[in-house]
Amino acid sequence: MYYINRQSVANQEKGILDPSVSDGIVGSQSWAMESGRSTTIEAIRDRRHHLRRRLRAWYRRNRRELPWRMTRDPYSVWISEIMLQQTQVATVRGYYESFLAAFPTVADLAAADEQAVLRQWEGLGYYRRARQIHAAARQITGQYAGTFPRDVSEWMALPGIGRYTAGAIVSIAYDQPVPIVEANTTRMFARLIGFRGDPSTTTGQRLLWSIAEALLPRRGAGQFNQALMECGSLVCTPTAPQCDVCPIRSDCMAWADGIVDLIPPQKKRPKIIPVHEVAVLVVRRGRVLLRRCGDEERWSGLWDFPRFACAGMEAMPDDDISSAVLDQTGVSVQIQTVLTTIRHAVTRYRIKLDCYMASYVSGQPHSHRTLPVKWVPCRNLAEYPFSSTGRQLASLIDPLHRHQR
DNA sequence: AACACGGGGAG
DNA sequence: CTCCCAGTGTT
């Protein structure tokens with residue numbers, strides 16, 4: 001009997017068993033499914049009605065009024081779910097509203113230029129999401145004639161939509177009984193069953209999806225899935241969880257064993273690599289030299305200033321900068337001044353970016369490998385999608401240019 | 001299983 | 001600073 005809860009030891013009617021075994025089972029070894037014995041999943045299934053009732057009641061009283069909760073329109077749900085991938089609710093709020101204002105329907109989205117879609121995504125990160133949304137919109141208007149699929153496997157076949165997102169969309173928009181597992185529910189489920197292993201492994205994932213499935217109601221799955229996430233987000237937080245107000249504390253193994261803070265275990269993070277880069281703002285008669293990032297590099301599809309890695313961490317000689325710009329853009333330049341240094345982090349790199357102002361000497365921009373390099377009026381920079389860092393660089397030009405007039 | 005992919009919130 | 005976030009796709 002693997003599902004043990006000290007809180008309910010006195011309550012045999014809960015069907016929860018001998019607590020003396022509890023300490024011994026709190027280890028990843030104990031979580032293999034074994035036939036012929038009671039499993040964690042079966043214990044969760046036994047308690048599902050109670051857990052659902054408590055979670056739904058909590059959700060009714062504590063749910064946040066979020067923009068994407070105003071509707072069950074599949075298009076809106078889809079956009080919100082993509083934006084929420086690895087992105088916090090607070091960050092998504094503003095982007096969601098302006099994106100829907102720019103592209104009110106899937107037809108509008110499909111008809112738009114990819115650059116226009118990326119511009120709406122500017123600063124949100126994971127820009128592949130924007131390109132995939134755009135590609136999927138064109139697929140939907142094409143093969144589905146603008147009508148969204150209802151089948152979860154059809155959604156999953158679309159770019160950018162995996163198991164979580166597909167489940168979220170069909171459960172929320174169509175109220176289909178499809179489970180979800182994401183960051184909040186992962187944490188909450190792991191604590192609920194006292195799982196001390198790594199939830200991201202294949203076995204951990206299999207376990208979590210089984211729990212999601214075991215808990216899932218036949219009706220109202222969309223609301224229930226959101227209740228799970230909301231409770232995980234607001235109560236079962238990574239640090240300092242609010243166990244005193246948790247609606248399912250009485251079933252929580254981690255609480256019973258006093259190991260809430262140990263679950264889930266901290267991920268081992270890749271080592272951070274310091275990198276030194278140089279960006280050059282080349283200005284010529286009110287225009288600035290831009291290039292578009294290629295598919296094989298970071299920020300693909302977005303625009304950037306000439307930028308390259310610096311060999312060492314010390315300042316780069318002006319001649320080296322000039323030749324690097326010439327190599328990358330085909331334009332010969334004269335380095336003028338150091339503008340500023342921007343520090344940012346991306347993936348496993350912590351980047352120190354030295355930014356220089358330069359003036360045009362000679363040469364024409366060459367677009368190698370179909371990657372555009374071109375002169376763009378400084379006052380039009382807002383029309384181009386940049387990364388967050390690229391936009392910081394652009395903002396150095398814009399006020400400067402105004403000042404020159 | 002490991003990694004790339006971004007940027008910001010929160011302690 | 002650190003850790004984390006309504007994950008997906010590729011290798």
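Bear in mind that the values here come from a model prediction, so they are computed numbers and not experimental data. Chain A is the first sequence line, chain B the second, and so forth, proteins listed ahead of strands; every chain is numbered from 1.
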Select base, sugar-phosphate, or nothing to describe what [X] touches, counting heavy atoms under 4.0 Å on all strands.
| X | value |
| --- | --- |
| R187(A) | sugar-phosphate |
| S387(A) | sugar-phosphate |
| P159(A) | sugar-phosphate |
| T202(A) | sugar-phosphate |
| G232(A) | nothing |
| A90(A) | nothing |
| W121(A) | nothing |
| T165(A) | sugar-phosphate |

Check the distance between [N]'s [atom2] and [X]'s [atom1] and give it to me in whole angstrom.
| X | N | atom1 | atom2 | result |
| --- | --- | --- | --- | --- |
| Y164(A) | dG9(C) | OH | C1' | 18 Å |
| Q120(A) | dG6(B) | CD | P | 18 Å |
| E81(A) | dC5(C) | CD | P | 16 Å |
| Y126(A) | dA6(C) | OH | P | 13 Å |
| W155(A) | dG7(C) | CH2 | C1' | 16 Å |
| R128(A) | dT8(C) | CZ | P | 10 Å |
| Q132(A) | dT10(C) | CD | C1' | 12 Å |
| N184(A) | dC5(C) | CG | C1' | 8 Å |

Worksheet item: So, are K352(A) and E277(A) salt-bridged, with charged N and O less than 4.0 Å apart?
Response: no

Worksheet entry | E230(A) with R69(A): basic N within carboxylate O range, under 4.0 Å | yes

Taking only the [atom1] atom of each, what is the distance from [N] to [M] in whole angstrom?
| N | M | atom1 | value |
| --- | --- | --- | --- |
| dG7(B) | dT10(C) | C1' | 22 Å |
| dC4(C) | dG6(B) | C1' | 13 Å |
| dG8(B) | dT8(C) | P | 22 Å |
| dA6(C) | dA4(B) | P | 23 Å |

Worksheet item: Closer to the 5' end of DNA chain B via nearest nucleotide, is it A345(A) or T203(A)?
Response: T203(A)

Practice prompt. Would you kindly compare T91(A) and Q86(A) by the position of their nearest DNA chain B nucleotide and give the one closer to the 5′ end?
Written response: Q86(A)

Taking only side-chain nitrogens and oxygens of [X], does any of them come within less than 4.0 Å of OP1 or OP2 of [N]?
| X | N | answer |
| --- | --- | --- |
| S388(A) | dG8(B) | yes |
| S200(A) | dA1(B) | no |
| W299(A) | dG7(B) | yes |
| R348(A) | dA4(B) | yes |

Distance only, no hydrogens: is a donor on one side chain within 3.5 Å (strictly under) of an acceptor on the other, for [X] and [Y]?
| X | Y | answer |
| --- | --- | --- |
| S322(A) | D319(A) | no |
| Q223(A) | N225(A) | no |
| S300(A) | R131(A) | yes |
| Q85(A) | Y164(A) | no |

Among [options], which nucleotide sits nearest the side chain of [X]?
| X | options | result |
| --- | --- | --- |
| P238(A) | dC5(C), dG7(B), dC3(C) | dC5(C) |
| T389(A) | dC5(C), dG7(B), dA1(B) | dG7(B) |
| Q88(A) | dC5(C), dG7(C), dA1(B) | dC5(C) |
| T201(A) | dA1(B), dG7(C), dA6(C) | dA1(B) |
| R129(A) | dG6(B), dA6(C), dC5(B) | dG6(B) |

Worksheet item: Ignoring hydrogens and angles, does a donor from either the side chain of T87(A) or the base of dG6(B) sit under 3.5 Å from an acceptor on the other?
Response: yes

Response to the item:
Note: for I161(A) and E230(A) on DNA chain C, the residue whose nearest nucleotide lies more 5' is E230(A)

Fill in: Member of R291(A), R391(A), Q115(A), E383(A) meeting the side-chain contact (heavy atoms from CB on, under 4.5 Å) criterion with W303(A)
Q115(A)

